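Down below is the structure, laid out as structure tokens.
Remember, predicted model here, so these are calculated numbers, not experimental data.
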Amino acid sequence: MVLTSCAPQGDVSELAIQPPSGGEGADSALLDGVLRRDSGCTYIERDTGERVVLVFQEGDASWLDDNLVVTGAAIDVVSATEGEHIMFAGSALPGGPTDEMTVPDGCRDFTEFWNVPSE
């Protein structure tokens, strides 16, 4: 496997995306659970059953076949498959999605969103 600093080239239609924010302090917490991709939405299912939508910075993540490839996250994640236990640094977005975000229709009914900042 060759890793580069380029943005992944793949499908982003099932990812919540926001413009790059550079958000200082935005990686002060960890979200862990099982990576899910269901009904057009990518999210983490926590041990409690809570479902949290991952919100990536534009250009940082995409699905390549069955692999979620992340190149800019603040924790060492390169590639993960649906059903795999995974962890992301970041912070909760208590107000939910903003007008600046692109949120797939399959994620619209979710109430928890997680900001995955760039490195």
Side-chain angles (χ1 to χ4, degrees):
M1 175 185 293
V2 177
L3 301 178
T4 67
S5 61
C6 297
Q9 299 297 313
D11 183 16
V12 297
S13 66
E14 296 178 297
L15 298 176
I17 303 291
Q18 66 181 339
S21 66
E24 293 181 21
D27 62 351
S28 59
L30 289 176
L31 172 69
D32 70 307
V34 177
L35 179 64
R36 299 287 187 212
R37 181 184 190 192
D38 186 40
S39 300
C41 186
T42 301
Y43 61 92
I44 294 289
E45 184 174 10
R46 304 184 90 174
D47 292 339
T48 61
E50 176 185 27
R51 300 180 316 162
V52 183
V53 175
L54 298 168
V55 181
F56 294 98
Q57 307 295 304
E58 188 174 355
D60 282 358
S62 69
W63 282 101
L64 293 172
D65 298 318
D66 292 329
N67 295 303
L68 176 64
V69 179
V70 183
T71 61
I75 196 163
D76 189 20
V77 174
V78 175
S79 177
T81 57
E82 198 271 334
E84 186 175 336
H85 190 271
I86 195 166
M87 205 180 311
F88 283 98
S91 59
L93 294 170
T98 66
D99 291 340
E100 297 175 334
M101 294 179 191
T102 302
V103 178
D105 288 341
C107 300
R108 294 279 175 192
D109 291 335
F110 284 69
T111 59
E112 302 291 328
F113 291 78
W114 187 264
N115 175 47
V116 181
S118 291
E119 277 189 302

(Q) Do Ile44 and Met87 have side chains that approach each other closer than 4.5 Å (heavy atoms only, starting at C-beta)? (A) no

(Q) With a 4.5 Å cut-off on side-chain heavy atoms, are Gln18 and Gln57 touching? (A) yes

Q: Mind checking side chain to side chain donor-acceptor pair (under 3.5 Å) for Glu14 and listing every partner two or more places apart, or none if nothing turns up?
A: Arg37

Q) Among pairs that include at least one residue of residues 93-113, which meet salt bridge (Lys or Arg N to Asp or Glu O under 4.0 Å), considering only residues two or more places apart or in two chains? A) none

Q.
Restricting to non-hydrogen atoms, name the atom on Arg46 and the atom on Leu31 that form the minimum distance, rounded to 0.1 Å.
A. NE-CD1, 3.5 Å

**Q.** Sub-4.5 Å side-chain heavy-atom contact between Leu68 and Phe56
**A.** yes

Q) So which heavy atom on Ala80 is nearest to which on Trp63, and how close? A) O-CZ3, 4.3 Å

Q. Which salt bridge (Lys or Arg N to Asp or Glu O under 4.0 Å) pairs, counting each pair once, include a residue from residues 82-97, with sequence neighbours left out?
A. Arg36-Glu82

Q.
On a heavy-atom basis, which atom in Pro94 and which in Ala92 lie closest, and how many Å separate them?
A. CD-O, 3.1 Å

Q: Measure the spacing between CD1 of Ile17 and CG of Asp60 and express it to the nearest 0.5 Å.
A: 8.0 Å

Q) With clusters built from Ile, Leu, Val, Met, Phe, Trp and Tyr whose side-chain heavy atoms come within less than 4.5 Å, directly or transitively, what are the remaining members of the cluster of Phe110, listed by chain and number? A) Tyr43, Val53, Val55, Leu93, Met101, Val103, Phe113

Q: With sequence neighbours excluded, tell me which residues meet side chain to side chain contact (heavy atoms under 4.5 Å, CB included) with Thr111.
A: none

Q. What closest approach, in Å, do Val70 and Ala61 show between heavy atoms, and which atom pair accounts for it?
A. CG2-CB, 4.1 Å

Q | Residues that Ser13 engages under side chain to side chain donor-acceptor pair (under 3.5 Å), provided they are two or more places apart | A | Asp11

Q) Counting only heavy atoms not in Asp66, do more than 12 sit closer than 6.0 Å to its CG atom? A) no

Q | Verdict with reasoning, Leu54 to Leu15, per side chain to side chain contact (heavy atoms under 4.5 Å, CB included) | A | CA-CA 7 Å; Leu54 298 168; Leu15 298 176; over 6 Å; no

Q) Between Pro104 and Gly40, which heavy-atom pair has the shortest distance, and what is it? A) CB-O, 3.2 Å

